[in-house]
Peer 1: 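Provided herewith is a single structure, encoded as C-alpha cells, for subsequent inquiry.
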Amino acid sequence: MAIRLGDPAPDFEAKTTDGSIRFHDWIGSGWAILFSHPKDFTPVCTTELGAVAKLKPQFDKRNVKVIGLSVDKVEDHTKWAKDIEETQGAKLNFPLIDDHDRKVSGLYDMIHPNASETFTVRSVFVIGPDKKVKLTITYPASTGRNFDEILRVIDSLQLTAKYQVATPVNWKDGEDVIIVPAVSNEEAKGKFPKGWKEIKPYLRVTPQPNRN
Ligand code: BEZ
C-alpha cells in the first residue's frame, strides 16, 4: 500500500554497507531520509550517490541521517562504492541497504510495476523524529533528483515543526516565512517578537524566526 504523509514509517531490519540495522533504532531521535536507487552500477544513481556524499555535512547540520537503498546485495554495493569514489570524487559516507529480496522496497511501495517490474523508482522519504513520514517524492529512474531541493524542504519542515510557520512559493533559507493560520494574532505577538506584515488576515509574513 502507498505510504502517505503523516503515516508511521514502516520499521524493518536490513543488511547495509555499514552492517545490520533496525531502521527506527538507526534513526534514533533525529530526522532521516531514505531514498531508493533502481539498481547498482547504473549511471544516474552513480552521480546521485556521489552528490549526496558531498552534501553529507549539510544533512548532518540539520540532524538528518541519510540512508540509500538498492535492490542488489551488499557485496555489489561495496564494489559499486569504489566506482562512485573513482568517478564522482566522493567516498560513500552513509549506509546503502541490501534489498535484493525487495523486502524494504515492498514495504515502502518503491517498485511501480507499470514503470518497471524489477527496478525501484527514485523514491524519497523524509522521516521526522516521531518516525512519521513528512515528505514523499517520486522520480522516474531516468531523472536524477535535485538534492538541494530536498535540503530546502527539510529546512521548511524543521521550521514548521519548531515555530508554527509555513514557507511560501520558491522560499529559500533566510527569506520571510508565513505564520500558519492556526496561530491567532494574539498568540503571534508572543511567538514572533519581530512582528509581521498582514497582507490579508490569512497571509501574515514574518522574518525567519531562527535568523538575526
Ligand atoms: C540510472 O541510474 O542511470 C538508471 C537506472 C535505471 C533505469 C534508467 C537509468
Side-chain angles (χ1 to χ4, degrees), residues 1-5 7 9-10 12-21 23 26-27 31-60 62 64-127 133-155 157:
M1 208 174 84
I3 294 180
R4 295 177 175 175
L5 301 191
D7 288 354
F12 56 83
E13 284 181 8
K15 259 169 87 172
T16 81
T17 45
D18 291 354
S20 296
I21 61 157
F23 188 48
W26 175 84
I27 294 176
W31 294 69
I33 165 167
L34 166 66
F35 61 115
S36 60
H37 293 277
K39 191 100 188 94
D40 288 8
F41 303 104
T42 50
V44 177
C45 300
T46 302
T47 63
E48 285 191 325
L49 287 172
V52 174
K54 288 178 192 161
L55 283 175
K56 175 88 170 8
Q58 292 298 323
F59 288 106
D60 289 347
R62 291 162 174 82
V64 180
K65 290 178 103 176
V66 177
I67 192 161
L69 170 151
S70 178
V71 290
D72 287 299
K73 293 199 166 178
V74 84
E75 294 77 14
D76 294 313
H77 293 353
T78 308
K79 283 188 204 138
W80 186 27
K82 293 196 182 106
D83 289 357
I84 293 162
E85 189 171 357
E86 180 192 323
T87 63
Q88 307 304 308
K91 203 175 168 68
L92 197 67
N93 51 11
F94 54 89
L96 256 190
I97 295 170
D98 169 337
D99 197 42
H100 75 277
D101 57 4
R102 313 307 199 247
K103 191 178 85 182
V104 180
S105 36
L107 267 179
Y108 278 81
D109 195 32
M110 291 165 166
I111 294 181
H112 297 192
N114 290 326
S116 165
E117 291 280 355
T118 48
F119 293 175
T120 69
V121 290
R122 293 185 196 281
S123 302
V124 181
F125 294 90
V126 174
I127 296 157
V133 174
K134 307 297 179 189
L135 170 79
T136 66
I137 316 184
T138 307
Y139 283 61
S142 51
T143 305
R145 284 160 281 208
N146 181 335
F147 285 91
D148 290 332
E149 166 61 5
I150 292 165
L151 283 169
R152 191 190 75 91
V153 183
I154 288 168
D155 284 338
L157 287 167

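The chain is numbered in sequence order, starting from 1. Whatever order the structure lists ligands and atoms in, that order sets their numbers, starting from 1.
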Peer 1: The criterion is salt bridge (Lys or Arg N to Asp or Glu O under 4.0 Å); which residues satisfy it with Glu75, sequence neighbours excluded?
Peer 2: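 For Glu75, no residue satisfies salt bridge (Lys or Arg N to Asp or Glu O under 4.0 Å) once neighbours in sequence are set aside.
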Peer 1: Please enumerate all residues that pass salt bridge (Lys or Arg N to Asp or Glu O under 4.0 Å) together with Arg152, with sequence neighbours excluded.
Peer 2: Glu149
Peer 1: I'd like to know if Asp60 pairs up with Lys56 as an ion pair, taking the criterion as any Lys NZ or Arg NE/NH1/NH2 lying under 4.0 Å from an Asp or Glu carboxylate oxygen.
Peer 2: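 Looking at Lys56 together with Asp60, the answer is yes, because their closest N to O distance falls below 4.0 Å.
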Peer 1: Taking all non-hydrogen atoms of both residues, which atom of Pro95 and which atom of Thr17 are closest, and how far apart?
Peer 2: CA-OG1, 3.4 Å
Peer 1: Run the ring-ring contact (aromatic ring centres under 6.0 Å, His included) check on Tyr108 and Phe125 step by step: do they pass?
Peer 2: CA-CA 9 Å; Tyr108 278 81; Phe125 294 90; 5.0 Å; yes
Peer 1: Can you pull the salt bridge (Lys or Arg N to Asp or Glu O under 4.0 Å) pairs that have at least one residue in residues 103-123, sequence neighbours excluded?
Peer 2: Glu48-Arg122
Peer 1: Please output the residues near ligand 1 using a strict heavy-atom distance under 4.0 Å, listed in chain and residue-number order.
Peer 2: Pro38, Thr42, Pro43, Val44, Cys45, Phe119, Arg122, Ala141
